[in-house]
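The figures that follow rest on heavy atoms only: side chains count, while hydrogens, waters and symmetry mates do not. Computed from a predicted structure; not experimentally measured. In what follows, chains carry the letters A, B, and so on, assigned in the order in which the sequence lines appear, proteins first and then strands, with residues in each chain numbered from 1.
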Amino acid sequence: MAGSPAYAVDLTAMIAATMLPFVSFLTILIATRGRPRLSAGLSIGSVTISLACSIALLALHFHLAAPIEFSTRLLASGGLDIPFGFLLDRLNLLMIAIVSAICFLVQVYSLGYMAGDPGFSRYYGFMSLFTWAMMSLALSASLLQLYFFWELVGLSSYLLIGFWYEKFSATQAGKKAFVMTRAGDAAFFIGLLLLFVHTGDLSIAHLDSRSALSGVSPSFLTLSALLIFGGIVGKSAQFPLMTWLPDAMEGPTPVSALLHSATMVAAGVYLFARLFPFFSMSSVAMTVFLAIGTISMLLASTMAIVSRDIKKVWAYSTISQLGFMIMALGAGGYFAGVFHLTTHAGFKALLFLCSGVFIHRYETNDIYELSRFGARRMVIPTVSIVLGAAALSGLPPLSGYFSKEAIMGSLAAMHNPLWLAAGLAGVFLTAYYSFRVIFILLFPRAEGAASPPPQEAGITAGGHAAHESGYRAMAWPLIILSAVSVIFGFFKTSFKDFIGGGAAAGGAAGMEPSWLHIAPLALALAGVGLAWVEFGRKGAKQIGFVDRMPVLSRLFAERWYIDRFYGLVVEFVIDRGISRLCSQNDRKVIDGSIDGICEGTVESGWVVAFLQTGMIQYRLLAILGVLALLLLCFYF
Amino acid sequence: MIAPFSHVLVVAGILFALGAFCAVTRRNLIMIVLGIEIMLNAAAIAFVGGSLHLDNLDGQTFVLFILAVAATEVSVGLAIIVYAFRRTGSFDPADFNLLR
Amino acid sequence: MHMEPATFPFLSAILLSCVVGMLTIMVIPEERHVLIKQVSIFFSGVCLLLTLYVFFAFNRSLGGLQFVEQVSWIPTLGISYFNAVDGFSLPNLLLTGIVFFTGVLTMWELNTRVKEYFALYFLLVTGVFGLFMSMDLFFIFVWYDVSLFPMYLLIAIWGTTRKEYGAMKLTLYLLAGSALILPAIIFLWAKSGLNTFSFVSLMHPGMFSPADQKFAFLLLFLGFGILAAVWPMHTWSPDGHVAAPHGVSMVHAGVLMKIGSFGVLRVAIMLCPLGWIYWAKSMAVLAVIGIIYGALVGLRQTDLKYVIGYSSVSHMGVVGLGLSTVTVAGLNGAVFQMFAHGIMTALLFSSVGYIYDRTHTKLIPELGGLSRIMPVASAFFILAALAGVGLPGLANFWGELLVFLAAFKVYPLFGVIGVVTLVITALFMLRVVQKTFYGPANARFAGLPDVSPWLGTPRIILAAVLLILGLYPSLLFNVIRTASVPFMNGLPR
Amino acid sequence: MNWITEGPEIFYFGASLWFLLLTFAAPQKPVSNGGRRREYLSAILLASVGILVCLASVRAEGWLFIRAYSVDLFSQVFKTLLSLGLFLIVSLCGSISDIDERRHNEFYFLLFSCTLALMLLVSADHLLSIYLSLELSSYSLYILVALRKRRALGLEAGIKYFLTGSFAAAVMLFGMALLYSSCGTAYLPDMAKVLPGLISRPTVIMGLLFTLGGFFFKLAVFPFHSWAPDAYQGASNQVAGYIATASKVAAIAVVLRVLASAGHGSAYLVHVLVILSVVSMTLGNLAAIVQKDLKRLLAFSTTAHSGYVLIALLVLDPAGYSAAIFYALALLVMKFTVFMVIVELAPDGRNLQIEELAGLHKRSPIMALALLVALFSLAGIPPTVGFTGKFLIFTAAIQKGYVALVIIAMINVVISLYYYLLVIKAAYLLEPAEALPPLLVSFPKKLLAGFSIVGIVVAGFFPYWLIQIANAAVLPLFGGR
């Protein structure tokens, strides 16, 4: 198929979109570390080309009928044939567009945010690494290739979270993120190998065709689906591997916006969507996924209610929204899940970037402090953050409203009304916690008088100027993303056509009862209202209802003690338990016995040597004795 | 009457054992040498007996040489032992324990 | 088996350049350090170039034995000087060339007893090269021992922590291994009745009875297994790593441990395939214990080199698991993993060496914040640690992938355990990285120079190899396959 | 009769006579340095000519004394080795300060006559000639040991050596009497014909065992080894070197000859040899671990090496015997090299403690290297002659099915490596308490050391020529005539 010119164009575009960031990554790390401006230029240049290629591909193949696959054999070793290539269908056309667009915006934004950081070049190097890995992940033709880049995405996440490596908490968070996602990935890897061993082919197109797996036993299918889902749980920070994501907020804010909200964590959901036909072959697995999505969504929402750290609120909200997506997909709502993925990428990136502006300016993450410092005076971010929060809460006419509605639609199609109830509760909580933040930010309740913008004196003139120019670089992405959040929802229908045509399995959608249009909206409004009562209105004490219940608030603040539990497991079971046991065994038993044998040999040497020092006649006796013994042997 | 060869061997064996006993038990260097001489003589008896038994002269030749060698042995041995006695004043084998 | 005679004795030329290098070093006066080092670099460079030539000139479509050189040595016992490379030995040969060269470069700053060091180092490597290219059991044993005994002096004289203990332990352990190998080799020779030690003549299915194969395989596996740090015969390896000077640690972990696994493959498996099949399950159990045990013990170590040492135990367990699967994929993965692990540990030790030479400590609690002080030097270590974690894009991933894949087919449970251990490996590797390189810069080490391009050369080479193979593994797999596929096809079932 | 056949014996007889005459002519007062030098030069000249004579007669064949004495390739090869051993040891006697100056002529006389006796021994084909030459060599050695200037050590060693030796000789003699009377002959070739039929008789077994005991004494095999540590420690360094090299070579030869004639067909004898071999090497190696005195350590290692040699002998076939011959050569070279280093390091003739080796690598790199190579060779590490010798022994043993025995031997090799490494550690690792001056090694000694190193390595790596000689030398024992 490589002959026709159209394919050649596609291939070139895809290679350019994926490989250029890699080239820039290598160049930055090897050659241009000492020149921050050049590095940033390289990185942004490459991501611009990626974006252009992605959009070109999207435009070219907007009415793509059948997936296009390019593959070459990367590795063939007896009995094992690992193809490597590109798969192009509507889903990943969409994905690469989202990824490259947000990468582009965030990298531009970072010009301002990261200005003056000593690791500026390194930052852009890692950003390029991420872009490469994420774009390649989206375009992967086989599950193994996807895993390959899946891990690399994890690597860039590790490096970027721990970017400020002199901060202990940052490095700790990076390590935690890597290890926890790795735990999920181990399951993914096992599932992948299992699948390979039984089917002999990991090509995504192959796995998604029902005919290919018809001969495989259902229980096996369920098992491998569950294992692969383990990877999704890790990457998308679902229950029970959810706690790394809030910690990951230790990284620079643009990183949180890019990796830990819009794209990388969405890779899990993307994988779900990618293998949707495969997963949907096992109804048991789908139910499990649905349950996990629901649990994560609710738990994370409760955590978000009590957090004072603005980034952490958005982080919890990310988990919760990802939970929504998983729920949607688990309920068979392919379109709803992917649609929410898209809209969420936009408004969540927006939220983070806005918060980043505040944090960059006031150097604190605490909502109350930000509010007291007068964050609301920065107009563009404030407007944008309100828009973003509204989109997150699912208020019309913003994009979030449409995608939430779609999700509720697919949940409603389930037999068990419990899922829908949980979803609706989630909608309420989402609206509540997002507007809690907004109202706190908008209506400062200073203990004293309105405090002046702080630290004005502390910032030198040059630094201030840098902030100002940086502010402009940071503002544009906000405006673009806000616009997207506002407009995108109206393209629901065409989006549905685009996506729905792309996937073979549409899932259940359609017969939605009319009250479904109203219920989510009503609940979202109720959430906003409660937030208004507690935080917004004049005289409100800005104490949430949960805060009045110490037990509950403690439980939520401690993240339901999940983290504590893992800490204990790692410390007591692994570190002080098995690992210590093994070390002791190594030193005492194995080394001990070897050393013991050696010492015994030397000791016996002393004995033997001592026997040689006696009187001469003992030796004569020994000669006689041994001869006599040997002769005796003869008679036996 | 002619003693059977096995009796000769038994006598030689007993003599050998006596010599060995002497060499092993007596705490005097000279007596050890004497014990060894007795062992040599036991061998000589066995040789003579064998020679007669087989009607072969090799055994007799052996005895002649054993006598000569035994004489050499005594001279070399006594030379060393006496020299040692002059230095240490002792014939007790237990006193020679420098080497360890 | 196809045999392609050599037009020019390249393999002997490799050995000869080592020996000539050693002799040249021995005649240079001790005081002329720089000259000695330059000569060492020259001769090791020649070796590297020759191995590279052999590697790329190896005909991948033909396979079999190539560059064959054979000279009768002791005809009465059927011993011949028989050198050749096949798909199994070629990667190891290249590995030796690379580690040898980079090991010489790493020791550029040595200034005590330089002459003796490099002379012994060359002798050591001569043995390693010889072992990988030899096709005669007698010579395999000779080279095996030649590559071991310089270790004692190298560690005991130039080493660091508990060096005499480590050196003695290592030497005795490994010689104990050879105590099992030599009888087994002679046993095979005697049982064949052909009066030949030639590997090619002995490697015929049905040459040895099943009972003989089981017996000989056990001896050979235990003997070579000691060198491959098979659990529970592994404790010499961390102690030895820690005690050895950096260049020697590189060769030791990078190449010497491969001799063990290579010996298991070449001698034990290829000559006693029935024994292999019989013992495979036990091998797998030991290997899996090694994988998880190494990682768990590594978790508690506070000495950088101990950490690497125990991670090596774990990684060599992966090799062992691959060898025990009795599949093509397993063999391929194991040989690939040998190569990848060799390069990776060489890189780790080389980096630790640089750091130790500056800070004079390799205790993790005393270090910290090195990334701020020497970012490039740290980056190399971190890269290697990531390779050790099995990150895609770096060479180790492919080896582990194939091994676990093969293990899943044969021993699903062991495969699961192996994969789960990757998480623990990640935990302890990243912990080390965090504690050593991250955090606020340590005032004690402020002002220490970062690695200069010249001193960084060995690490650049090693890192580049890791990366190239991580992205283009076929470079190696194409070679390994030429040996593994025919071998497995010829296996009696 | 062709004179060349007995050339070596006649030559060495003449040489010892020459020194005997010199003892009468020697002045009674202490001689000047020149006098000592002259004796040394004449000794080394005679010893080197002796090698040539042996080489010239290497192809000779013949009999003497109504076949009690046979000259064949086997004996001639061993004679060449013995002459080589003597030459090497004499070359170490340049500054022999541990023997009274007035006794130098006697010293050389005894050395040459002992060599003569050993040469007779390797050719002896009759129990009587074996006995006589054995005793002759033993008496020379007793006196050589006792001749040391450090009298307390020398005399004690002499007494112990003498008593154990005479005791063993008496045992051997009794055994010979039993053998003779059972077989009806004292010719080894004739005994070889009768013995297989009689081998299960108690008297024959007893006789064989006792007879071998005498040879095992020479070889320092358990339980006849107990003199070795004391004799090595008590004798002067050169004499200890002589016992360790030339005397061992001859002992291997005579055991070989006797076993080749007598050993076939007795499983019991093989078992005894297996037991003795295992116990010898284990015991020797264990005891050597804890020694502080280098010579005493070497004595115990000698016992261990005798254990290895016994493995070669007990397979009772040509491959084993030729391996034993090869190993004899290997032992000669290796042990000599170590003693050369000892002599160089202790010019005043004292006993060398292991820790005194400290700093050797700095004081004299070539001597340190020679010691290193020799010890690794003793430990059996390739590519040295010691390894090749062990390899030949093990191939012979495994071909006969003694796999377990070989594994035990290999484990012993590992144990032995431990104490060799301790010595190497002392030479290469330890630094002396106070700085010692560099060792002044004369050029000939350097040359000798160089030759030893090259010899050990080359003979180990290119052994084929030597193996062929060893194979050829074995042939006469198996009806080569």
Side-chain angles (χ1 to χ4, degrees), chain A residues 75-80 573-636, chain D residues 156 159-164 166-168 170-171 174-175 200-202 204-206 208-210 212-213 216-217 221-230 266-269 271-273 275-276 279 282-292 296-297 299-300 303 411-412 414-415 418-419 422:
Chain A
L75 177 62
S77 88
L80 178 66
V573 178
I574 295 181
D575 259 5
R576 297 200 190 163
I578 312 171
S579 169
R580 181 146 162 224
L581 207 66
C582 287
S583 308
Q584 297 279 332
N585 176 54
D586 215 50
R587 285 284 145 234
K588 300 255 166 72
V589 180
I590 297 180
D591 259 8
S593 56
I594 291 295
D595 287 353
I597 290 173
C598 295
E599 275 160 24
T601 311
V602 175
E603 289 294 316
S604 58
W606 282 112
V607 173
V608 171
F610 175 73
L611 291 179
Q612 307 294 319
T613 57
M615 201 168 54
I616 176 78
Q617 283 158 304
Y618 296 142
R619 306 177 191 179
L620 304 184
L621 192 61
I623 293 176
L624 283 181
V626 171
L627 285 180
L629 275 179
L630 288 176
L631 282 178
L632 274 180
C633 286
F634 177 66
Y635 292 103
F636 291 106
Chain D
E156 184 183 333
I159 288 174
K160 289 185 174 171
Y161 191 16
F162 166 73
L163 287 179
T164 323
S166 339
F167 189 81
V171 170
F174 192 71
S200 52
R201 279 207 210 158
V204 172
I205 280 301
M206 198 168 158
L208 208 50
L209 201 59
F210 281 22
L212 285 176
F216 288 164
F217 162 76
V221 170
F222 172 85
F224 302 94
H225 68 286
S226 57
W227 58 274
D230 296 336
S266 168
Y268 168 74
L269 189 66
H271 285 163
V272 165
L273 290 178
I275 292 171
L276 290 184
V279 176
T282 313
L283 197 108
N285 281 327
L286 286 181
I289 290 179
V290 297
Q291 299 307 322
K292 299 272 181 287
R296 203 172 168 84
L297 183 146
F300 281 114
T303 302
I411 290 170
N412 265 291
V414 177
I415 298 176
Y418 174 68
Y419 58 81
L422 288 184

State, with a plain yes or no, whether a side-chain heavy atom of A:Ile616 is found less than 4.5 Å away from one of D:Phe167.
-> no

Quick one: list whatever passes side chain to side chain contact (heavy atoms under 4.5 Å, CB included) with A:Arg576, sequence neighbours left out.
-> A:Glu571, A:Phe572

Measure the spacing between CG of D:Leu273 and CG of A:Leu630 and express it to the nearest 0.5 Å.
-> 9.5 Å

Please identify each residue that fulfils side chain to side chain contact (heavy atoms under 4.5 Å, CB included) with A:Leu581, with sequence neighbours left out.
-> none

Put together the list of donor-acceptor pairs under 3.5 Å connecting chain A with chain D, please.
unit_1, atom_1, unit_2, atom_2, d
A:Gln612, OE1, D:His225, NE2, 3.0
A:Gln612, NE2, D:His225, NE2, 3.4
A:Arg619, NH1, D:Ser226, O, 3.3
A:Arg619, NH1, D:Asp230, OD2, 2.5
A:Arg619, NH2, D:Asp230, OD2, 3.0
A:Leu630, O, D:Tyr268, OH, 2.3

Measure distances from D:Phe222 to the heavy atoms of chain A and classify the residue's part below 4.5 Å as side chain, backbone, both or neither.
-> side chain

Counting heavy-atom pairs under 4.5 Å to chain A, which of D:Val171, D:Ile205, D:Leu163 comes out on top?
-> D:Ile205

Can you list the steps and then say if A:Val607 with D:Leu286 is a side-chain contact (heavy atoms from CB on, under 4.5 Å)?
-> CA-CA 9 Å; A:Val607 173; D:Leu286 286 181; over 6 Å; no

Of the non-hydrogen atoms in A:Gly605 and D:Val290, which two are nearest, and what is the gap between them?
-> O-CG2, 3.6 Å

Can you tell which part of D:Leu283 gets under 4.5 Å to a heavy atom of chain A, answering side chain, backbone, both or neither?
-> both

Quick note, salt bridge (charged side-chain N to carboxylate O under 4.0 Å, His left out) partners involving residues 622-632 of chain A, not counting sequence neighbours, are none

Side chain, backbone, both or neither of D:Val279 within contact of chain A (heavy atoms, under 4.5 Å) | neither

What pair of heavy atoms forms the shortest contact from A:Ile623 to D:Pro223, and how long is it?
-> CG1-O, 3.3 Å

